[in-house]
Every structure is written in C-alpha cells, then in structure tokens.
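Heads up: the structure comes next, in structure tokens.
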2 protein chains.
Amino acid sequence: MERELLLLGLLQKEEMHGYQLHEFIDSFMQTCVDLKKSTAYYLLEKMAKEGYVTRTEEREGNRPPRRVYHLTAAGEECFLALLRQNLASYLPATFAGDTGLTFLDNLPASEAVSLLEQRRAQLAEAVAAIERAPLHTGTLQFMIEHQQVHLQSELAWLDSVIARLSNEE
Amino acid sequence: MERELLLLGLLQKEEMHGYQLHEFIDSFMQTCVDLKKSTAYYLLEKMAKEGYVTRTEEREGNRPPRRVYHLTAAGEECFLALLRQNLASYLPATFAGDTGLTFLDNLPASEAVSLLEQRRAQLAEAVAAIERAPLHTGTLQFMIEHQQVHLQSELAWLDSVIARLSNEE
DNA sequence: CACTGAATAGTCAAATCTGACTATTCAGAA
DNA sequence: TTCTGAATAGTCAGATTTGACTATTCAGTG
C-alpha cells in the first residue's frame with residue numbers, strides 16, 4: 001500500500017510524468033523507499049484503471065510525448081485514506097541480515113568476524129552518506145532523521161555482536 | 001536470497017517436510033522474517049529443480065504422504081555461499097511507515113498526533129511481545145536481541161516525533 | 001457411532017515486481 | 001557533420017509472491 005501512497009502523495013503536490021516521479025524518488029528518497037521504475041509505471045497504470053489518476057499526452061517541442069499523470073478527486077480521497085491508515089499503523093520491518101546471524105555457528109568464529117567486518121564497513125558508509133544528506137525542509141526531514149537514528153542503532157548493535165564474537169575466539 | 005538461505009539453513013540442521021519448516025519459521029522467527037507457506041513451497045520446488053534439495057515421499061501410519069526435503073551436497077555448498085554473502089553485506093531495511101510521515105502536513109496536526117498515537121500503541125505492543133520472548137539458546141538469540149534493540153529505538157524515535165508535533169499545535 | 005474442529009499438507013490462479021531491453025532527443029567532441 | 005554518451009520515457013516477458021482454496025487424519029464430544 002505504501003507505494004501507492006507515495007505516488008498519490010507526490011501527484012497531489014503537483015502533476016508529474018513517470019520519469020519525474022522516478023527521479024524524485026531516486027534522488028530524495030532512495031535511502032527510505034525502494035520503488036523501481038517499472039513498478040512505478042505498473043502502479044500508475046493500475047491506479048489509472050481504478051480511476052485515481054488520469055493520464056494526458058503532452059508534447060513539448062520535438063521531444064517524445066509524455067504521459068502526465070493527474071490526481072482525480074477519487075485519487076485525493078484514496079490518498080487521504082491511505083495516509084490515515086499508514087500513520088495509524090506500525091508496520092514491522094524485517095531484516096534480511098538477521099538470517100545470516102542465525103547460522104553463524106556454521107562458520108569458524110574468525111571467519112564470521114571478518115565477514116561481519118565487511119558488513120560493518122558498508123553500514124558505516126551508509127551512516128556517513130545519511131549524515132552528508134542536505135538538510136531537507138519540511139516533512140521529508142522526518143524520514144531522513146529516522147534513517148539516521150536507525151542506522152546509528154544498527155551500527156552500535158553490530159559492533160556489540162562483533163565484539164562478543166571476537167572475545168569467544 | 002535470504003529466504004533461500006533460511007530454508008537451506010534449516011534443512012542443513014535436519015531434514016524436514018514443508019509444514020515443519022513453516023511451523024518453525026512461524027513460531028520462532030515470526031518477528032524477524034516473513035515467509036508465507038506458499039512461498040516456502042515455491043522456493044523448495046525451485047531449489048529441488050536446481051539440485052540443492054531432494055524430495056522423498058514418506059508416509060507414517062495412515063497419514064497423508066509427506067514430502068521430506070533433504071539437503072544435497074550442492075545445497076550445502078550453496079548454503080555456505082549464501083551465508084558468507086549474507087554476513088558480508090549490509091542490506092538496508094526500508095520502512096513503510098516513513099511514507100506516511102512524509103505527507104504529514106496534509107492532515108491537521110491534532111489528527112496526525114492521534115493517528116500516530118495508535119501507531120505507537122502497536123509498536124509498544126511489539127516491544128512488549130519481544131520482551132516476553134523466551135530466552136533462546138544459540139544464535140537465534142542474536143535475531144531476537146536485534147529485534148529488541150531495533151524496536152526500542154523505534155519507540156524512542158516515534159515518541160520524539162509525537163512530542164514535537166504536539167508542541168506545534 | 002457420527003460429527004466437529006484443529007493439525008497436517010499442500011495447490012493454483014492471480015497479483016505484483018523486476019531486470020533487461022528499446023527508442024528518441026540533445027549537447028558536445030572529433 | 002557524424003558520432004557518442006547522457007537524459008528522457010517507457011515496454012514487456014518472466015520471476016516471485018500471495019490469498020484463497022482443497023483434502024486428509026485424528027482426537028474428543030454428544
């Protein structure tokens with residue numbers, strides 16, 4: 001549901017064509033949501049069928065025609081309903097990385113530690129990247145702040161795991 | 001990839017039939033991974049085709065026949081490769097709940113706060129549930145501990161968001 | 001005994017998602 | 001001017017995931 005919410009929300013601010021939506025998501029929200037281009041088109045198509053958005057063909061100069069998506073009244077209503085539903089519920093996140101930890105004892109502790117140190121390096125890079133993120137105005141800031149809090153908590157925890165495994169050796 | 005890793009890892013400890021796998025995941029790992037029954041069967045089938053597991057039909061007494069899945073040597077190898085890959089990489093989590101926060105300003109602050117308080121209640125329940133989780137032995141403990149750390153960090157952050165929104169009113 | 005509900009064990013069509021691919025326009029380099 | 005690479009704008013077949021559905025066995029109840 002939250003991908004639809006995202007698309008509707010962006011269209012609600014201003015009408016956009018597919019590429020614009022995709023660019024926005026990729027450049028401002030890449031750390032927080034994962035929405036592929038083809039998925040975006042698929043969802044826009046679906047929501048067009050459901051009457052939440054309409055498409056108009058436009059061409060500017062000689063460029064290939066663009067399909068500009070507009071929110072309809074029904075889409076606006078749907079947006080608000082999804083928004084309320086999203087805000088009111090806690091959707092647990094799952095962590096792909098936890099599966100590996102479950103089978104840690106199938107490797108020698110020293111190897112496990114060195115693998116987890118590679119993981120740590122990537123996580124540290126993600127922390128650094130989010131710290132570098134320009135201060136965004138408005139509510140986008142919440143998302144970034146959440147990501148910061150989360151990544152820092154992840155890093156501290158991973159460090160404690162590595163420390164314990166190192167002691168066991 | 002991590003769903004395959006999980007299934008291979010469980011089979012590596014002991015051969016199992018589909019239902020057993022599903023039960024184990026549902027009862028011990030429900031907070032950390034999300035693997036539906038039908039997905040598990042699909043993946044087992046696929047891995048059978050790839051030669052990582054074999055199926056044998058068994059029947060005990062008069063019960064309907066069971067398909068017991070065994071890990072092959074190739075499966076063992078694949079398991080270790082996936083395990084190393086999983087441990088060595090940080091896979092970022094995405095938070096569906098962040099999308100709603102991005103569009104917070106489309107609702108009156110007071111409504112937003114009351115919706116987020118519902119979210120908070122669910123999150124608090126998740127925290128309580130994970131605290132109640134029996135101490136697991138071995139490496140399953142890491143997953144549970146991670147979930148605890150994560151949920152507590154989530155709760156603290158959500159509280160700070162709610163507090164700030166309440167002050168704005 | 002006949003019936004019911006829970007545990008057991010899956011199947012399948014439909015919904016969803018993705019990677020790989022195709023095209024056009026344009027600015028600048030050769 | 002021709003070529004190249006980046007930006008623009010999508011399409012589509014195939015992979016993945018899921019919800020809803022089907023069956024059998026068994027323990028206990030009336």
Are A:F103 and B:L91 connected into the same hydrophobic cluster when the rule is that any two of I, L, V, M, F, W, Y join if their side-chain heavy atoms are below 4.5 Å apart? no
Rounded off to whole Å, could you give me the NE2-to-P distance for the B:H22 and D:dT18 pair? 11 Å
Nearest of D:dT18, D:dT16, C:dC17 to any side-chain atom of B:T39? D:dT18
In whole angstrom, give the distance that lies between atom CG of A:L35 and atom C1' of C:dG19. 15 Å
Measure from CD on A:E45 to P on C:dC17 and round the result to the nearest Å. 15 Å
Taking CG from A:L43 and C1' from C:dT18, how many angstroms apart are they, rounded to a whole number? 12 Å
Of all the choices, C:dC17, D:dT17, C:dT18, which nucleotide is nearest to the side chain of A:D34 once you look at every atom? C:dT18
Grab the CD-P distance between B:E50 and D:dA15 for me, whole Å please. 11 Å
Does the side chain of B:R3 get closer than 4.0 angstrom to OP1 or OP2 of D:dT18 through an N or O atom? yes
To the nearest Å, how far apart are B:K36 NZ and C:dC17 P? 13 Å
Test A:L82 against A:L8 for side-chain contact (heavy atoms from CB on, under 4.5 Å), laying out the working first. CA-CA 9 Å; A:L82 288 179; A:L8 291 175; 4.1 Å; yes
B:E77, CD: over 12 other non-hydrogen atoms inside 6.0 angstrom: no
Among C:dG10, D:dG10, C:dT18, the one nearest any side-chain atom of B:Y41 is C:dG10
Is a donor on one side and an acceptor on the other found under 3.5 Å between the side chain of A:S153 and the backbone of A:V149? no
Want to settle it: does A:K46 or A:S38 sit nearer the 5' end of DNA chain C, counting the closest nucleotide to each? A:K46
side-chain contact (heavy atoms from CB on, under 4.5 Å) between A:R3 and A:T39, intermediate numbers included: CA-CA 9 Å; A:R3 294 149 115 104; A:T39 308; 4.0 Å; yes
D:dT17, OP1 or OP2 - any side-chain N/O from B:Y42 closer than 4.0 Å? no
Mind calculating the distance between CG (A:L7) and P (C:dC17) to the nearest angstrom? 11 Å
For A:I25 and C:dT18, give me the distance from atom CD1 to atom C1', rounded to whole Å. 15 Å
Which is true for A:K37 with a 4.0 Å heavy-atom rule: it touches a base, it touches only sugar-phosphate, or it touches nothing? base
